[in-house]
Amino acid sequence: MRSGWARVVDYLRHGVEPIMVLAVVAVLYRLGLAGHAPFWLLTVVLFAGMVYQQPGLQRRLAGGDLTQRVAPRVAVHLLLVSLTMYLVGWGPVLAVAHLQIASVHLGWSGSRAWRPAALASAAMLLLGQLAIAAGWVSSYLPQPAVHGAAALIAIGTVTTCRVLGLSVHRSEEAELALRRSEERLEALLHDGTDMIVVWSSDGEITYASPAAGAMIGHSPERLVGRPIAEFIHPDDAGAVAALGERAQTTDSSTAHRAELRVRTAGGAWRWHEATVRNLLGNPAVRGIVAHHRDITEHRADRERIAYAATHDGLTGLVNATAFSRSVAEALDAGRRRVGLLFLDLDGFKPVNDTYGHEVGDQVLRMISEMIRAGVPRPDLVGRLGGDEFGVLLDDLDDQGGEEEAIAVARRLIDAFDSDLVVDGRRVRVGCSVGIALASPGAGDAPELLRHADQAMYRAKRAGNNRFTVHAEATA
């Protein structure tokens with residue numbers, strides 16, 4: 001029942017203008033100002049107009065597309081309105097109704113309706129004036145004044161229809177441009193490899209681009225409403241919080257970048273480069289906007305390159321350049337006494353010459369592991385040359401540091417006092433060790449390395465598997 005009433009209300013809402021005109025005509029009839037046509041005829045015409053301007057009927061007349069058959073639909077509508085205008089005796093004076101009909105059809109059919117409306121309006125005014133001249137309808141305005149007024153009003157209605165049409169056309173072009181822009185943006189967001197995430201000032205995600213599905217396996221709908229911190233590695237949570245705080249202290253012209261780990265739907269962690277801008281003040285966004293680019297493979301490549309630049313490719317130990325840098329950093333820190341062990345293998349060349357470089361390389365790898373196992377800090381062991389190694393002791397006691405360094409040297413020499421088995425062959429390699437010490441703030445890396453090298457050569461001249469301590473440099 002309510003559905004039926006709703007349809008009636010909807011019907012009356014779309015036909016309110018003819019109903020209002022009928023009420024006004026009734027009053028004019030009472031005042032004797034509504035021409036000589038019978039009231040029932042005016043009622044029929046107005047009722048026909050109410051029925052005709054129902055959107056459902058218009059859609060059927062247009063074949064389902066309101067942009068089609070515009071001219072005949074506008075002409076019939078204006079004919080019904082013009083009949084009322086001239087039957088009540090006021091003719092062109094009421095031509096403002098033509099503009100109301102034109103605006104209705106501009107709303108239905110767009111800017112293409114203004115030309116048919118302008119032409120039909122002028123034509124209906126011409127027919128009405130011919131009817132007055134022929135005496136078919138009465139006019140409260142005398143002739144020929146009524147014809148002059150009709151001509152002027154026709155010019156006004158045509159011009160106004162054109163202005164309305166051009167205004168609607170500009171709006172259509174703006175809407176079309178906006179729609180194309182939105183479609184282009186949607187396509188870029190959907191097909192782009194970068195993920196865009198927007199979060200509020202309190203860290204809640206308010207938007208995620210479609211690329212989130214491909215990049216981290218979460219649909220945008222799953223991300224929205226959840227805290228951004230939920231998807232960030234715990235070790236990077238502080239960096240993300242600091243990133244958001246920095247962004248909020250600047251405007252949208254400043255970008256802030258950080259590398260962080262983001263959790264995928266499968267639980268894996270992927271490295272992202274996040275570029276963040278503050279758009280909290282933009283009414284259309286009201287959030288912190290972050291562009292995420294997956295750099296997991298790029299970061300792995302970068303780490304491999306950095307590792308190759310600082311490590312020996314055969315043994316995996318730090319190379320001579322990185323080792324020297326570590327020695328310099330330990331000396332510059334100036335906190336504790338520093339010790340340096342310079343190892344040179346005894347008897348390696350005969351093994352390499354006898355069994356070949358492949359066996360020699362295996363021996364070097366095995367010896368590298370032996371040295372790493374015998375020192376306090378395996379990460380401070382370096383390969384300085386073909387069969388030369390260095391050990392950095394950066395935390396020696398100020399009083400007993402020399403004894404600590406000697407103890408490490410003895411442990412390493414003892415580790416060499418056994419055969420190595422390589423591809424079923426037993427080989428024996430020893431080592432000579434030079435020890436150099438430096439107090440906090442004394443000497444530099446090249447000098448300490450030179451002293452350890454000199455001490456190693458003295459040990460080698462004294463016989464295999466020995467060590468020698470260089471006199472310590474003082475500040």
Side-chain angles (χ1 to χ4, degrees), residues 312 314-315 317-332 336-352 360 363-364 366-418 428-475:
D312 175 55
L314 177 64
T315 63
L317 301 177
V318 295
N319 58 27
T321 301
F323 185 80
S324 297
R325 188 161 54 247
S326 297
V327 174
E329 291 171 356
L331 291 171
D332 291 342
R336 300 295 298 271
R337 203 175 185 191
V338 175
L340 179 61
L341 276 60
F342 198 115
L343 287 74
D344 185 84
L345 301 185
D346 298 326
F348 175 73
K349 188 175 185 303
V351 171
N352 205 40
V363 169
L364 289 174
M366 295 173 69
I367 287 173
S368 298
E369 292 303 316
M370 289 168 52
I371 297 173
R372 288 167 60 89
V375 300
R377 290 275 305 276
D379 58 317
L380 296 181
V381 177
R383 185 184 179 196
L384 307 183
D387 59 352
E388 296 175 338
F389 298 85
V391 176
L392 176 61
L393 306 174
D394 65 345
D395 195 25
L396 295 177
D397 185 75
D398 290 341
Q399 301 300 322
E402 183 174 328
E403 288 74 14
E404 293 178 52
I406 290 173
V408 173
R410 290 185 187 279
R411 191 158 59 245
L412 292 174
I413 291 172
D414 290 343
F416 279 82
D417 191 23
S418 60
R428 180 177 287 266
V429 176
C431 74
S432 298
V433 182
I435 303 173
L437 304 168
S439 298
D444 57 24
E447 182 182 33
L448 191 62
L449 283 164
R450 186 172 61 255
H451 290 167
D453 186 36
Q454 293 169 353
M456 181 273 295
Y457 275 107
R458 290 199 299 272
K460 188 175 283 289
R461 285 195 296 270
N464 294 339
N465 296 325
R466 295 178 182 273
F467 67 88
T468 301
V469 180
H470 189 277
E472 180 177 354
T474 58

Atom pair [atom1] ([X]) and [atom2] ([Y]), whose distance is rounded to the nearest 0.5 Å:
{"X": "Arg337", "Y": "Glu402", "atom1": "CZ", "atom2": "CD", "value": "6.5 Å"}
{"X": "Leu341", "Y": "Leu412", "atom1": "CG", "atom2": "CG", "value": "6.5 Å"}
{"X": "Phe389", "Y": "Asp312", "atom1": "CZ", "atom2": "CG", "value": "8.0 Å"}
{"X": "Lys460", "Y": "Asp344", "atom1": "NZ", "atom2": "CG", "value": "4.0 Å"}
{"X": "Glu388", "Y": "Leu343", "atom1": "CD", "atom2": "CG", "value": "10.0 Å"}
{"X": "Leu449", "Y": "Leu392", "atom1": "CG", "atom2": "CG", "value": "9.0 Å"}

Considering all heavy atoms, the nearest [X]-[Y] contact:
{"X": "Met370", "Y": "Ala415", "answer": "CE-O, 3.1 Å"}
{"X": "Phe416", "Y": "Val429", "answer": "CD2-O, 3.1 Å"}
{"X": "Ala436", "Y": "Ala452", "answer": "CB-N, 3.6 Å"}
{"X": "Ala438", "Y": "Leu331", "answer": "CB-CD2, 3.9 Å"}
{"X": "Ile435", "Y": "Ala409", "answer": "CD1-CB, 3.8 Å"}
{"X": "Leu437", "Y": "Ala405", "answer": "CD2-CB, 4.1 Å"}

Legend entry - Side chain Glu404, main chain Asp397, donor-acceptor under 3.5 Å: yes
Legend entry - Neighbour count above 12 (heavy atom, 6.0 Å) for Arg428 CZ: yes
Side-chain contact test, heavy atoms from C-beta onward, threshold under 4.5 Å: evaluate it for [X] versus [Y] and give yes or no.
{"X": "Glu403", "Y": "Ile406", "value": "no"}
{"X": "Leu340", "Y": "Phe323", "value": "yes"}
{"X": "Ser368", "Y": "Val381", "value": "no"}

Legend entry - Arg383 and Leu364: CA distance, side-chain angles, deciding distance, side chain to side chain contact (heavy atoms under 4.5 Å, CB included) verdict: CA-CA 10 Å; Arg383 185 184 179 196; Leu364 289 174; 3.4 Å; yes
Inset, instruction - Apply side chain to side chain contact (heavy atoms under 4.5 Å, CB included) to the pair Leu317 and Arg372, showing each step before the final yes or no. - result: CA-CA 9 Å; Leu317 301 177; Arg372 288 167 60 89; 3.4 Å; yes
Inset, instruction - Assess the side chains of Ser432 and Asp346: does a donor N or O sit below 3.5 Å from an acceptor N or O? - result: yes
Legend entry - CA sep, side-chain torsions, deciding dist, call: Ile413, Arg410, side chain to side chain contact (heavy atoms under 4.5 Å, CB included): CA-CA 5 Å; Ile413 291 172; Arg410 290 185 187 279; 5.8 Å; no
Legend entry - Test side chain to side chain donor-acceptor pair (under 3.5 Å) applied to Asn465 - qualifying residues, sequence neighbours left out: none
